[in-house]
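Before any comments, here is the structure.
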Amino acid sequence: KKELVITIDGPSGAGKTTVSKTLAARIGYRYIDTGALYRGIALETQERGIAADDEEAMEAACRTIDLRFKIENGDLRLYSGTRDISELIRTPEISMRASAVSALAPVRAFLTVLQRRLGEERSVVFEGRDMGTVVFPEADVKFFLDADTEIRAERRYLELKAKGQDLDFEDVKKDLITRDANDSSRKLAPLRPAEDAIHVDASRIGIDEVVEMMAKVVAEIR
Ligand code: C5P
């Protein structure tokens, strides 16, 4: 069997995380959530009091931040040094800050190198915004997962609610729209489908069906 690099890009709340995790488990691949890395940088630099637009300070900070993934009880956890930051990075504040710092060249350069290193062993499903366009332009299979704004906002709202965060639906929706606009309009590695990406619209089909369809595509190439 061929060892593939699979990328799944798309806007917030399209279901990328569930789809990527499920697909990876199903085909015995590792799963890497690259958004978590941007969130990790956002959290660490926030705690150090660095302004999100201070490019020089952000660049220096990146050199001292040690992010790594660990799998615990089948769960992908993110560590900064010895500290498990998996929960801390899932707040609306960090979402927005991640989107801001992800527009900076030194941050993208730093994480692109890290992500390519994680892809060296292949057999990985990478979830993100620029996996198929910038980080792995030569990926074997590229998907672009999208869904209607209303549905994505609802999914994100329910997700946060399940985590015990008491938020207003309209706020969640507004945040999601702002973040996608930021991510799509930035100069570096904007959110967009790779030319050779397979588009999947998850608005009217369930996650299971999406995974089913992706697994079929992957099986044909392997
Ligand atoms: O996927 P997630 O919502 O966790 O990503 C948080 C933010 O990190 C995104 O809004 C985006 O700005 C940034 N990101 C990115 N490139 C990636 C993954 C995430 O710019 N490959």
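Numbering of residues begins at 1 and proceeds along the displayed sequence. Each ligand, and each atom within it, is numbered from 1 in the order the structure gives.
Protein heavy atom closest to atom 8 (O) of ligand 1, with residue, atom name and distance, is Tyr38 CB, 3.4 Å. The protein atom (non-hydrogen) at minimum distance from atom 16 (N) of ligand 1 is Arg108 NH2, 3.0 Å. When hydrogens are left out, the protein atom nearest atom 21 (N) of ligand 1 is Asp130 OD1, 2.8 Å; that is the closest non-hydrogen contact. Considering only non-hydrogen protein atoms, atom 18 (C) of ligand 1 sits nearest to Thr34 OG1, 3.4 Å.
Asn182 and Ser99 get closest at one heavy-atom pair: CB-OG, 3.4 Å. Here the shortest heavy-atom pairing between Phe136 and Gln115 reads CZ-O, 3.4 Å. Heavy-atom minimum distance, Ile94 versus Leu43: CD1-CA, 3.8 Å.
The residue among Met96, Glu127, Arg129, Arg186 with a heavy atom at the shortest distance from atom 1 (O) of ligand 1 is Arg129.
No N or O atom of Ser95 sits closer than 3.5 Å to an N or O atom of ligand 1. At under 3.5 Å, not a single nitrogen or oxygen of Arg156, backbone or side chain, sits near a nitrogen or oxygen of ligand 1. Close N/O approach between Asp33 and ligand 1 is not found [any backbone or side-chain N/O within under 3.5 Å].
The main-chain N or O of Ala147 is found under 3.5 Å from a side-chain atom of Arg152 such that the two form a donor-acceptor pair. In this structure a side-chain-to-backbone donor-acceptor pair under 3.5 Å is missing from Ser80 to Arg83. Of the possible polar contacts, one joining the Lys142 side chain to the Pro137 backbone as a donor-acceptor pair under 3.5 Å is found. Checking side-chain atoms of Arg97 against main-chain N and O of Ala42 turns up a donor-acceptor pair under 3.5 Å.
Applying the 6.0 Å contact sphere to CD of Glu121 captures no more than 12 heavy atoms from other residues, nucleotides or ligands. The number of heavy atoms from other shown groups lying within 6.0 Å of CZ (Arg122) is above 12.
Shown in contact with Asp183 at under 4.0 Å from a heavy atom are these atoms of ligand 1, numbered in order with element: 9 (C), 10 (O), 11 (C), 12 (O). Interface atoms of ligand 1 facing Ser102, defined by a heavy-atom separation under 4.0 Å, are 11 (C), 12 (O), 13 (C), 20 (O). Those atoms of ligand 1 that come under 4.0 Å of a heavy atom in Gly128, given as number and element, are 18 (C), 21 (N). If you number the atoms of ligand 1 from 1 as listed, the ones under 4.0 Å from a heavy atom of Met131 come out as 21 (N). Near Arg39, meaning under 4.0 Å from one of its heavy atoms, ligand 1 places the atoms 2 (P), 3 (O), 4 (O), 6 (C). If you number the atoms of ligand 1 from 1 as listed, the ones under 4.0 Å from a heavy atom of Arg179 come out as 3 (O), 5 (O), 6 (C), 7 (C), 9 (C), 10 (O).
Under the 4.0 Å criterion applied to side-chain N and carboxylate O atoms, Asp54 and Arg48 are not assigned as salt-bridge partners.
At a 4.0 Å heavy-atom cut-off, ligand 1 touches Ser99 through backbone and side chain alike.
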